[in-house]
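We count ligands from 1, going down the list as the structure has it; atoms in each ligand are counted the same way.
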Amino acid sequence: MCPLLEPTCSVWVMLPLFLAGPLIVLKQQGVKQQLGMVRPGLGMMSVFICLQGTKEDLHLPSTNYYVYYDTDMDQAMERYVSMPREEAAEHIPLLFIAFPSAKDPTWEDRFPDRSSMIMLIPSAYEWFEEWQAEPKGKRGSDYETFKNSFVETSMSVVMKLFPQLEGKVESVTAGSPLTSQFYLAAPRGACYGADHDLGRLHPRVMASLRAQSPIPNLYLTGQDIFTCGLVGALQGALLCSSAILKRNLYSDLKDLGSRIQAQKKKN
Ligand SMILES: Cc1cc2nc3c(=O)[nH]c(=O)nc-3n(C[C@H](O)[C@H](O)[C@H](O)COP(=O)(O)OP(=O)(O)OC[C@H]3O[C@@H](n4cnc5c(N)ncnc54)[C@H](O)[C@@H]3O)c2cc1C
């Protein structure tokens with residue numbers, strides 16, 4: 001039987017376990033120590049945009065764009081997240097913009113004459129907290145208006161950077177950190193996992209946040225045991241699988257790479 005039946009999870013999944021009581025009471029200290037090393041990262045607003053036209057019509061690049069408004073990003077981000085929420089949309093310090101359809105060779109067969117665009121806007125969970133108990137899709141007009149203030153500001157930036165998109169926007173759908181919490185089960189909408197502050201990147205913390213958790217047979221995986229993003233999550237998966245299988249999968253991959261290269265040379 002495959003031993004991968006052990007539950008694997010992000011570091012925050014241990015929080016309810018920590019609070020759960022008698023079952024793990026003996027291990028609480030270790031869990032508390034691991035949780036104390038990190039805090040949830042910043043939430044994101046995700047904005048999904050449908051465009052009329054193909055990537056050729058709209059001259060859409062496959063590049064990711066990071067739009068910065070400041071040279072001191074630490075200071076800019078701190079100022080941003082601590083300002084009154086009504087002012088925040090006018091002071092977005094960073095925008096991520098990408099055109100996923102332009103990267104996808106199968107897109108045009110599936111969605112002819114359409115393109116997609118995504119924006120990520122850093123957002124504090126606290127700004128949306130008052131609506132956390134409201135059901136998804138029914139959070140009311142104040143919530144929608146607040147969310148849309150970010151969408152409008154960032155769309156005006158998009159139109160400056162990509163003026164060819166003027167009049168080509170078919171639909172815009174935005175999600176707040178509450179949306180990420182609901183759909184991705186990302187606590188406090190932190191879709192990039194534990195915060196990447198200096199504390200979390202300290203060698204002692206990096207070495208302590210391992211796949212092996214203080215609870216037997218509960219393994220941590222994904223971005224929280226490496227670094228954020230898809231590549232970080234992939235590395236986390238390799239580390240976790242290595243821990244469960246008790247073998248170094250990086251060596252296996254290296255050997256596999258060598259074998260494939262040797263095979264290619266033969267052919
Ligand atoms: C809109 C958007 C765009 C992004 N674009 C990029 C990009 O271009 N490049 C990039 O590198 N990264 C991007 N990211 C970030 C990237 O998606 C994450 O860094 C990555 O998915 C993290 O992977 P993970 O496996 O660690 O965590 P997740 O993908 O969050 O997976 C965690 C899983 O655990 C499940 N889970 C949570 N709690 C429980 C529980 N109690 N019990 C059982 N299951 C649970 C969740 O449902 C989820 O399936 C983007 C994120 C978003 C939201």
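Judged by distance alone, with hydrogens and angles left aside, the side-chain atoms of Gln223 form no donor-acceptor pair with the main-chain N or O of Gly232 at under 3.5 Å.
For ligand 1, the atoms closer than 4.0 angstrom to any heavy atom of Gly222 are 26 (O). With ligand atoms numbered from 1 in the order given, ligand 1 contributes 22 (C), 23 (O), 24 (P), 26 (O) to contacts under 4.0 Å with heavy atoms of Ala233.
For the pair Asp57 and Lys168, the salt-bridge criterion is not met [side-chain N within less than 4.0 Å of a carboxylate O]. No salt bridge links Glu144 with Arg139; every basic N to acidic carboxylate O contact stays at or beyond 4.0 Å.
Under 4.0 angstrom from ligand 1, there are no non-hydrogen atoms of Asp224.
Here the closest heavy-atom approach between residue Tyr143 and residue Leu178 is recorded as CE1-CD1, 4.0 Å.
Taking the salt bridge (Lys or Arg N to Asp or Glu O under 4.0 Å) definition, one finds that Arg188 meets it with Glu126, Glu129, sequence neighbours left out.
The shell of residues lying under 4.0 angstrom from ligand 1, judged by heavy atoms, includes Ile118.
In terms of polar-atom proximity, Leu230 is counted as a contact of ligand 1, with an N or O under 3.5 Å from an N or O of the ligand. For a threshold of 3.5 Å applied to N or O pairs, the pair formed by Tyr192 and ligand 1 contains at least one separation below that value. Polar contact check, Asn64 against ligand 1: no nitrogen or oxygen pair lies under 3.5 Å apart. Some N or O of Gly229 is nearer than 3.5 Å to an N or O of ligand 1, by distance alone.
Counting heavy atoms from C-beta on, the side chains of Met119 and Met117 come closer than 4.5 Å.
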